[in-house]
> 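Here's a structure for you.
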Amino acid sequence: MNYWLMKSEPGTYSWDDLVKDKKTIWDGVRNFQARNNIKAMKKGDMAFIYHSNEGKDIVGIAKITKEHFPDPSAEDWAVVEIAPVKKLKKSITLADIKANKKLANMVLVKNSRLSVQPVKESEFDCIMKMSQD
DNA sequence: GCCAACGTTGGC
DNA sequence: GCCAACGTTGGC
């Protein structure tokens, strides 16, 4: 089981949109590193949904329901299908993450521009714990 | 709205 | 193959 973090601007596609849609094709990735991560995703993996620009917080967890296949609108790129699992009781902001020493090495902190990034199990667990407050 | 950081492009 | 120029992302 692997963990990921996927970014979206809520004005473009938010957590609420995902809940409303029940599932979605995660498209629009146009970065090689992000594409590699998309391709590494396995069915059943978990992914945080992070709102960039507005909110700057992790709002919920989705799971990968279909492994990568070519983007219908751009063959050279890859997409996965995801479905919402649950909303975090308390969303975790970028400031919360930066304030936690255990999360100092998260890709979100180190390489904030990568739109699809891996999350370590320890980081995932830590954020889950933080969201319980 | 600004700008730093990063990725990509293209000239040499 | 290097690197300057450019475009984009995203935090502030």
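Worth knowing before you read on, the calculation uses all heavy atoms, side chains too, and leaves out hydrogens, waters and symmetry mates. Residue numbering restarts at 1 for every chain, and letters A, B, ... go by the order of the sequence lines.
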> Only counting residues at least two apart or in another chain, list the ones meeting ring pair (Phe, Tyr, Trp, His ring centres under 6.0 Å) with A:Y3.
A:F124
> Take atom CD1 of A:I97 and atom P of C:dG11, then tell me their distance rounded to the nearest Å.
10 Å
> Write down the distance between CG (A:N31) and P (C:dT9), rounded to a whole number of angstrom.
10 Å
> Considering only heavy atoms from C-beta outward, does the side chain of A:Q132 approach that of A:K89 to under 4.5 Å?
yes
> Under 4.0 Å between a side-chain N or O of A:K56 and OP1 or OP2 of C:dG10?
no
> Between A:E54 (CD) and C:dT9 (P), how many Å, whole number?
15 Å
> Evaluate A:S122 against A:D125 for side chain to side chain donor-acceptor pair (under 3.5 Å), listing each step before the verdict.
CA-CA 5 Å; A:S122 59; A:D125 290 343; over 6 Å; no
> Rounding to a whole Å, what distance do you find between A:E9:CD and C:dT9:C1'?
8 Å
> Using the rule given for ring-ring contact (aromatic ring centres under 6.0 Å, His included), can you reason through A:F69 versus A:W77, listing the C-alpha separation, both sets of side-chain angles and the distance that settles it, and then say yes or no?
CA-CA 8 Å; A:F69 55 96; A:W77 297 97; over 10 Å; no
> Using whole Å, what does the distance between atom C1' of nucleotide C:dT9 and atom OH of A:Y50 come to?
12 Å
> Mind calculating the distance between CZ (A:R30) and P (C:dT8) to the nearest angstrom?
14 Å
> Summarise how protein sits on nucleotides 2-7 of chain C as a single string, 5' to 3': B when a protein heavy atom is under 4.0 Å from the base, S for sugar-phosphate-only contact, - for no contact.
-----B
> Should A:V109 and A:I97 count as side-chain neighbours, where that means a heavy-atom distance under 4.5 Å?
yes
> To the nearest angstrom, how far is A:H51 atom NE2 from C:dT9 atom P?
17 Å
> According to a hydrophobic-cluster definition based on side-chain heavy atoms being under 4.5 Å apart (Ile, Leu, Val, Met, Phe, Trp, Tyr only), do A:F48 and A:I82 belong together?
no
> In whole angstrom, give the distance that lies between atom CG of A:N111 and atom P of C:dG10.
10 Å
> For A:L114, which contact category applies under a 4.0 Å heavy-atom criterion: base, sugar-phosphate, or nothing?
nothing
